[in-house]
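I have placed the structure first, in the form of structure tokens, so that the comments after it can refer back to it.
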Amino acid sequence: AFLAKKREYDHESSVVCLSSEYRGLVKHTGGCHCGAVRFEVWAAPDLHVFNCNCSICTKKQNRHFIVPASRFKLLKGADNLRTYTFNTHRAQHTFCKTCGVQSFYTPRSNPDGYGIAPHCLDDGTVRTIITEDINGKEWEKAVKEHKTIRDMSKP
């Protein structure tokens with residue numbers, strides 16, 4: 001929860017907030033396919049999305065952008081979420097128990113934040129998407145060498 005001054009404008013139903021943490025960000029909303037899980041997330045209208053080739057991201061086609069936990073709010077569906085973990089069990093792959101869609105999860109690279117699936121966002125708030133490939137097959141090396149990924153979950 002935050003108590004920042006907000007300025008609303010009617011540009012495709014997005015909200016721009018003027019506090020220093022939220023300056024330049026918009027409120028995106030989204031959820032799973034059946035609608036049981038809904039969330040909101042504050043992020044830029046221009047998304048930096050990771051395309052990881054690790055075993056689970058490849059199988060699920062998990063493309064995601066990372067935000068701090070403070071910028072994510074689950075609106076409904078906590079009781080409909082299930083979690084899958086493997087290997088180090090640090091990544092928390094949450095999905096809707098009804099439709100099976102993973103609209104967000106807790107990534108191993110940023111356990112203090114969320115990975116959000118841009119394709120699960122509602123229309124109207126995303127301006128552009130830039131996709132960056134990341135070599136999840138060599139996860140430790142890729143994350144160590146990446147200049148910014150660990151900071152993406154910091155406010």
Side-chain angles (χ1 to χ4, degrees), residues 1-2 6 8-17 21-22 24-137 139 142-143 146 148-150 152-155:
F2 65 95
K6 286 193 277 186
E8 294 186 31
Y9 70 100
D10 189 24
H11 173 69
E12 300 172 318
S13 303
S14 46
V15 178
V16 173
C17 189
E21 182 182 348
Y22 291 85
L25 305 180
V26 297
K27 181 170 69 172
H28 302 281
T29 57
C32 67
H33 184 258
C34 72
V37 175
R38 296 289 300 161
F39 65 88
E40 68 182 33
V41 60
W42 287 87
D46 302 301
L47 301 178
H48 181 138
V49 173
F50 289 101
N51 181 31
C52 180
N53 68 352
C54 77
S55 62
I56 192 150
C57 288
T58 297
K59 294 275 187 184
K60 292 192 302 179
Q61 294 293 291
N62 178 29
R63 290 172 188 87
H64 59 277
F65 62 97
I66 298 170
V67 297
S70 63
R71 294 185 188 159
F72 176 87
K73 182 179 180 183
L74 183 62
L75 300 174
K76 74 174 198 171
D79 57 332
N80 233 51
L81 290 174
R82 295 297 178 264
T83 302
Y84 172 70
T85 66
F86 68 100
N87 194 14
T88 66
H89 302 284
R90 292 194 69 198
Q92 303 291 307
H93 297 275
T94 51
F95 58 94
C96 173
K97 73 177 185 180
T98 304
C99 66
V101 169
Q102 174 183 288
S103 49
F104 64 90
Y105 81 112
T106 304
R108 179 178 171 193
S109 63
N110 297 73
D112 56 343
Y114 288 95
I116 311 297
H119 50 274
C120 289
L121 297 178
D122 299 333
D123 290 340
T125 55
V126 176
R127 187 167 47 205
T128 62
I129 295 177
I130 295 172
T131 303
E132 177 184 358
D133 290 340
I134 190 160
N135 186 7
K137 289 181 179 177
W139 192 90
V143 171
H146 199 281
T148 60
I149 195 167
R150 294 221 185 233
M152 291 180 164
S153 56
K154 308 294 184 262

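Numbers here simply count residues along the sequence, with the first being 1.
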Is a side-chain donor or acceptor of [X] paired with a backbone partner of [Y] at a separation under 3.5 angstrom?
X	Y	result
S103	R38	no
T58	N53	yes
H28	A44	yes
R82	C96	no
N110	I149	yes

If you take all heavy atoms of [X] and [Y], which pair is closest and at what distance?
X	Y	result
K154	R150	NZ-O, 3.6 Å
E40	K27	OE1-CD, 3.5 Å
V67	A43	CG1-CB, 4.1 Å
S109	V143	CB-CG2, 4.2 Å
G35	K76	O-CE, 2.9 Å
C99	H33	SG-N, 3.5 Å

request  = Quick one: sort the H48 and F50 rings into parallel, tilted or perpendicular, breaks at 30° and 60°.
outcome  =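 Rings of H48 and F50: tilted, 30 to 60°.
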
Kindly indicate whether the side chain of [X], heavy atoms from C-beta on, has any atom under 4.5 Å from the side chain of [Y].
X	Y	answer
V101	V37	no
L74	Y114	no
P118	F65	yes

Any chance you could measure [X], atom [atom1], to [Y], atom [atom2], to the nearest 0.5 Å?
X	Y	atom1	atom2	result
C34	N80	SG	CG	6.0 Å
M152	D112	CE	CG	13.0 Å
S55	K137	OG	NZ	9.5 Å
S153	R71	OG	CZ	10.0 Å
I56	R108	CD1	CZ	12.5 Å
T94	L81	OG1	CG	5.5 Å

task = State whether a side-chain donor-acceptor pair under 3.5 Å links H146 with E132.
result =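 On atom types as modelled, these side chains qualify, holding a pair under 3.5 Å.
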
request  = With sequence neighbours excluded, tell me which residues meet side-chain hydrogen bond (donor to acceptor under 3.5 Å, both in side chains) with D133.
outcome  =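 Partners of D133 by the side-chain hydrogen bond (donor to acceptor under 3.5 Å, both in side chains) criterion, ordered by chain and then number, come out as N51.
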
K97 bridged to D79 by N-O distance under 4.0 Å =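 Looking at K97 and D79, the cut-off is not met.
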
request  = Walk me through it: do I116 and L47 pass the test side chain to side chain contact (heavy atoms under 4.5 Å, CB included)?
outcome  = CA-CA 10 Å; I116 311 297; L47 301 178; over 6 Å; no

query = Would you find more than 12 non-hydrogen atoms of other residues, nucleotides or ligands less than 6.0 Å from K60 atom NZ?
reply =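 Yes, enclosed.
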
Member of W42, Y105, F39 meeting the ring-ring contact (aromatic ring centres under 6.0 Å, His included) criterion with F72 =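 With F72 as partner, ring-ring contact (aromatic ring centres under 6.0 Å, His included) holds for just one option, F39.
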
